[in-house]
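First up is the structure itself, then whatever we jot down about it.
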Amino acid sequence: MSIDSQFTHKMWNDHELSKMVEGGIPYPMLSDAGGKIGSVYGIYDENAGVETRGRFIIDPDGIVQGFEVLTPPVGRNINESFRQIQAFQLVREKNGSEATPSGWRPGKATLKPGVDLVGNVWKEWQTKQAFD
Amino acid sequence: MAEESAAGCTRPTGGPADEESKEAQATEQLTENKETQSMIKVGQKAPDFTAPGYFKGNFTSIKLSDYLGKWVLLCFYPGDFTFV
């Protein structure tokens, strides 16, 4: 979503993005002229008149589970967004009985919060797991 | 989910052209935004919206609440044809 019109979206998709992504952009490109939606989400820069690089993960109940906001010159890491969604999906699936520690990816160990884990995370999880 | 909509002729209108009123408006807008714009919180409902869009060759209108039951990744960006 950006402040551009749907006409500009069409031109950008048809003339540039479709040359980078086969078949063009596979999701809706939304228009927020005037930044009204961006203002509600808190990411509209009223001085520049554009939206900053805000990214929101919204779960199936419509609840915001996470967000990230960057200034324009730095691009996002889409794999990190996917990783976070996978983590939120696991937590939802397990009804909160499992939590995903730092650096978790699908297949890696989770933690089971509870009385017995208090003070014992060091036995279950090593710092290097955040980086591997 | 995404209803096709016809290509109309309405376009967003421009702001004032002379610097003085532009500045006055900017100040006004700033004050206004200070009151209304705040970051949303995690764990709370995502504000619902309807927005016109472009999707696979058609103009559409998208309502966020139509996507209840699915995971949504909502991305804002500064503008079309910007480089990053």
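Proteins come first, then strands; the chains are lettered A, B, ... in the order of their sequence lines, and each starts at number 1. When reading the values below, keep in mind they use all heavy atoms of this one structure, side chains included, and skip hydrogens, waters and symmetry mates.
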Would you say the side chain of [Y] lies within less than 4.5 Å of the side chain of [X], judging by non-hydrogen atoms?
X: A:Lys36; Y: B:Phe49; result: no
X: A:Val64; Y: B:Gln44; result: no
X: A:Phe56; Y: B:Leu73; result: no
X: A:Met1; Y: B:Cys75; result: no
X: A:Tyr27; Y: B:Lys56; result: no
X: A:Ile57; Y: B:Leu74; result: no
X: B:Val84; Y: A:Arg76; result: no

Task: Donor-acceptor contact below 3.5 Å, side chain B:Lys45 vs main chain A:Asp61 - done: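 Yes, because the side chain of B:Lys45 sits within donor-acceptor range (under 3.5 Å) of the backbone of A:Asp61.
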Open item on the list: Checking the side chain of A:Asp4 only, and the main-chain atoms of B:Asp80 only, is there a donor and an acceptor separated by less than 3.5 Å?
Closed with: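 Here the side-chain-to-backbone pair exists.
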Just give me the residue among [options] that pairs up with chain B most often, heavy atom to heavy atom, under 4.5 Å.
options: A:Gln65, A:Gln89, A:Glu16; value: A:Gln89
options: A:Ser31, A:Gly75, A:Ser18; value: A:Ser31
options: A:His15, A:His9, A:Arg92; value: A:His9
options: A:Gly23, A:Ser81, A:Pro26; value: A:Pro26

Open item on the list: Counting only non-hydrogen atoms closer than 4.5 Å, does A:Val69 touch chain B with its backbone (N, CA, C, O), its side chain (CB onward), both, or neither?
Closed with: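 Looking at A:Val69, just its side chain touches chain B.
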Show the nearest heavy-atom pair for residues [X] and [Y], with the distance to one decimal.
X: B:Ala51; Y: A:Ile37; answer: CB-CD1, 3.9 Å
X: A:Pro28; Y: B:Tyr67; answer: CG-OH, 4.1 Å
X: A:Gly62; Y: B:Leu68; answer: N-CD2, 3.5 Å

Do you reckon [X] sits in the same ILVMFWY cluster as [Y], going by side-chain contacts under 4.5 Å, direct or chained?
X: B:Val72; Y: A:Ile78; result: no
X: A:Phe88; Y: A:Phe82; result: yes
X: B:Phe59; Y: A:Ile25; result: yes

- [ ] Answer yes or no: are there more than 12 heavy-atom neighbours, outside A:Asp132 itself, under 6.0 Å from its atom CG?
- [x]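 Yes, CG of A:Asp132 has more than 12 neighbouring heavy atoms, counting only those of other groups under 6.0 Å.
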Task: side chain to side chain contact (heavy atoms under 4.5 Å, CB included) between B:Thr60 and A:Gln6, intermediate numbers included - done: CA-CA 9 Å; B:Thr60 61; A:Gln6 50 190 355; 6.0 Å; no
Task: Distance (rounded to the nearest 0.5 Å) between A:Met29 CE and B:Ile62 CD1 - done: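 Here the rounded value is 12.5 Å.
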Task: Pairwise distance CG(A:Asp59) to NZ(B:Lys70) - rounded to 0.5 angstrom - done: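 Nearest 0.5 Å value for the CG-NZ distance: 14.5 Å.
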TODO: Check the pair A:Ile58, B:Leu64 against side chain to side chain contact (heavy atoms under 4.5 Å, CB included), reporting the backbone distance first and the verdict last.
DONE: CA-CA 10 Å; A:Ile58 302 168; B:Leu64 179 66; 4.1 Å; yes
Open item on the list: Quick check on the interface: out of B:Ser65, B:Gly43, B:Gly57, B:Pro47, who has the most heavy-atom pairs with chain A under 4.5 Å?
Closed with: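 Maximum pair count with chain A is reached by B:Pro47.
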Open item on the list: I'd like to know if the side chain of A:Asp14 pairs up with that of B:Tyr54 as donor and acceptor (distance under 3.5 Å, no hydrogens or angles considered).
Closed with: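 B:Tyr54 and A:Asp14 do have a side-chain donor-acceptor pair below 3.5 Å.
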Open item on the list: If I measure from the heavy atoms of chain A, does B:Phe81 come under 4.5 Å with its side chain, its backbone, both, or neither?
Closed with: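 Contact with chain A involves both backbone and side-chain atoms of B:Phe81.
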- [ ] Please flag which part of B:Thr50 lies under 4.5 Å from any non-hydrogen atom of chain A: side chain, backbone, both or neither.
- [x]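 Contact with chain A is through the backbone of B:Thr50 alone.
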Open item on the list: Does B:Tyr77 form a ring pair (Phe, Tyr, Trp, His ring centres under 6.0 Å) with A:Trp12? I'd like the steps, not just the answer.
Closed with: CA-CA 14 Å; B:Tyr77 61 97; A:Trp12 192 30; 5.7 Å; yes
Task: A:Tyr41-B:Phe76 aromatic ring centre distance below 6.0 Å - done: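 When the ring centroids of A:Tyr41 and B:Phe76 are compared, they turn out to be within the sub-6.0 Å range.
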